[in-house]
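Single-structure report; data block below.
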2 protein chains.
Amino acid sequence: MGTPSISRRLSEAAVALFDENGYEATTIDDIAARAGVSRSTFFRHFRSKDDAVFPDHDTLLATVDARLRASAADTAIVAVTDAVRIVLAHYVEDAEVSLRRYRLVRQVPALRDREITSVARYQRLFREFIGKMLDGSPDADLRAELMASSVVAAHNQVLRGWLRAGGTYDPSDLLDHAMRYVIATFRQLEQPHEPGSEQIVVATFSRSASPQAVMAAVEKHLRSR
Amino acid sequence: MGTPSISRRLSEAAVALFDENGYEATTIDDIAARAGVSRSTFFRHFRSKDDAVFPDHDTLLATVDARLRASAADTAIVAVTDAVRIVLAHYVEDAEVSLRRYRLVRQVPALRDREITSVARYQRLFREFIGKMLDGSPDADLRAELMASSVVAAHNQVLRGWLRAGGTYDPSDLLDHAMRYVIATFRQLEQPHEPGSEQIVVATFSRSASPQAVMAAVEKHLRSR
DNA sequence: TTCAGTATGAAACTCAGTATCACCGTCCAC
DNA sequence: GTGGACGGTGATACTGAGTTTCATACTGAA
């Protein structure tokens with residue numbers, strides 16, 4: 001039907017009023033009135049005032065969780081970097097709503113805090129997932145924590161850049177780049193196929209370094225080990 | 001004097017009542033009554049109910065900020081990994097209070113959310129500090145975000161382990177280990193002396209790899225670039 | 001003493017969030 | 001049909017956090 005659900009009507013009314021009059025200045029009575037329902041009904045659809053701004057957060061987290069469980073990736077970090085794409089895609093899908101929400105969240109401390117705790121839920125999900133896959137290997141907890149926080153941080157960096165730019169481009173390439181970055185960073189910290197071995201970085205070079213310099217550095221390393 | 005400050009009395013009264021009767025079940029009137037002051041006075045010393053559980057958070061953040069500004073480290077990641085020791089040290093200093101608070105925070109969702117947003121403040125501080133030092137280099141924002149989140153994550157992992165174990169050991173060695181881990185991970189991502197160049201990882205190897213295998217991989221890379 | 005500044009208490013208010021009850025529609029069983 | 005179970009809604013009252021305002025007491029300085 002053309003009639004949107006009550007949850008949607010309430011959420012839209014809330015965001016509209018927050019935009020017009022500010023977050024603190026609008027009461028739940030105002031929201032309910034604009035949506036054409038009673039205050040009771042608001043609290044049947046949302047646990048709290050700020051819930052109305054993030055109506056689909058729980059389902060999104062569940063979707064990411066499901067994707068993670070269904071993943072066939074052979075390393076934890078690849079599974080997680082893959083699953084996190086869902087989140088960015090969800091923001092890009094209805095950019096209009098995302099941008100409105102972003103402007104709101106930036107201004108209202110209560111909403112900012114709420115978003116931070118939401119992000120922490122993802123990080124926890126990732127940490128537990130990676131922790132299970134790394135279980136038994138040395139420093140498993142530490143590495144799981146680092147990988148999870150890095151994936152979340154990289155995602156947020158890309159998302160924030162896209163939001164700040166007004167959602168004017170497709171950020172998926174940037175996310176790919178960031179996730180490759182993360183995977184490269186942590187490749188040495190995850191060894192799924194040879195659990196007993198330790199991988200190390202031999203050397204780093206600038207792109208403009210001559211092949212001779214690279215070979216010399218590598219030879220030096222090989223002699224010294 | 002032997003008389004503790006009102007803030008301290010209020011904070012202790014709050015934590016004690018939260019322990020005895022639960023967080024939601026104790027009102028601010030209860031806290032004020034036990035501290036021997038009025039409700040008004042409570043709100044003059046704390047912005048909110050949960051503020052009483054984290055009375056020294058603002059000063060601690062300021063201390064870390066000051067240490068960061070005064071740092072003479074030559075790379076951002078070293079400066080931050082050094083500054084974050086202050087936080088762990090602060091927890092260890094009065095382990096009794098830290099453990100009480102930890103047990104409380106674990107049980108009360110409102111306090112957990114509050115702590116998460118507190119941690120985010122450190123991460124933001126670190127991110128901005130690193131971002132300034134990396135400014136101009138490629139992927140500066142992304143790397144700043146990753147480094148900041150990793151330092152915070154590593155610190156939290158060590159702290160959480162210590163708290164879960166009941167504060168029975170000195171965690172500073174573990175923090176050193178974790179921070180060395182982080183520094184090693186990000187060494188390749190920070191080049192303080194050649195801000196214009198881009199460093200890349202040529203390849204990674206296990207320690208048992210033969211020198212021939214390493215040289216072959218490096219030659220292959222050099223041919224392909 | 002007087003004045004200013006500061007810490008406190010008292011009281012009233014707004015509003016988020018909870019709990020309870022009554023109402024109304026639909027669907028199903030008999 | 002009648003009755004009842006049930007899910008969604010509205011109305012009402014309540015608790016308690018947080019704000020605001022005013023009055024009061026105490027301090028030290030001129």
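Order of the sequence lines sets the chain letters (A, B, ...), proteins ahead of strands, with each chain counted from 1.
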(message) Between C1' on dA17(D) and CG on Asp30(B), what's the gap in Å once rounded to a whole number?
(response) 13 Å
(request) Could you check Arg44(B) against Ala25(A) and say which one's nearest nucleotide on DNA chain C is further toward the 5' end? (result) Arg44(B)
(request) In whole angstrom, give the distance that lies between atom CD1 of Ile31(B) and atom C1' of dA17(D). (result) 11 Å
(request) Rounded off to whole Å, could you give me the CG-to-P distance for the Asp29(A) and dT14(C) pair? (result) 13 Å
(request) Determine, for Arg101(A) against Glu115(A), whether the closest basic-nitrogen to carboxylate-oxygen distance falls under 4.0 angstrom. (result) no
(message) Measuring to OP1 and OP2 of dG9(C), would you say a side-chain N or O of Thr41(B) lies under 4.0 angstrom away?
(response) yes
(message) Can you identify which nucleotide, out of dA17(D), dA16(C), dT8(C), has its nearest atom closest to the Thr27(A) side chain?
(response) dA16(C)
(request) Report yes if some heavy atom in the side chain of Arg114(B) is under 4.5 Å from a heavy atom in the side chain of Phe54(B); otherwise report no. (result) yes
(message) From the set dT18(C), dT9(D), dT8(C), return the single nucleotide nearest to any side-chain atom of His45(A).
(response) dT9(D)
(message) What is the distance, to the nearest angstrom, from the CZ atom on Phe43(A) to the P atom on dT12(D)?
(response) 17 Å
(message) What is the distance, to the nearest angstrom, from the CG atom on Leu10(B) to the C1' atom on dG9(C)?
(response) 14 Å
(request) Could you tell me the separation between the CZ atom of Phe18(B) and the C1' atom of dG16(D), rounded to a whole number of Å? (result) 13 Å
(message) Rounded to whole Å, how long is the line connecting atom CG of Asn21(B) with atom P of dG16(D)?
(response) 13 Å
(request) Kindly indicate whether the side chain of Arg39(A) and the base of dT18(C) share any N or O donor-acceptor pair separated by less than 3.5 Å? (result) yes
(request) Answer yes or no on whether Lys49(A) is positioned over the face of Phe42(A), meaning its NZ or CZ is under 6.0 Å from the six-membered ring centre and within 45° of the axis. (result) no
(message) Does Ser40(A) reach a base, just sugar-phosphate, or nothing at all? Heavy atoms under 4.0 Å.
(response) base
(request) Find the distance Asp50(A):CG to dC15(C):P and express it as a whole number of Å. (result) 17 Å
(request) Could you pull out the closest heavy-atom pair between Ala178(A) and Ala154(A), with the gap in Å? (result) CB-CB, 4.1 Å
(message) Looking only at the aromatic ring of each residue, does the gap between the centers of His57(A) and Tyr122(A) stay below 6.0 angstrom?
(response) yes
(request) Would you indicate which nucleotide in dG10(D), dT9(D), dA17(D) comes nearest to any side-chain atom of Val37(A)? (result) dG10(D)
(message) Quick check for you: among dA10(C), dG17(C), dG10(D), whose closest atom lies nearest to any side-chain atom of Ile28(A)?
(response) dG17(C)
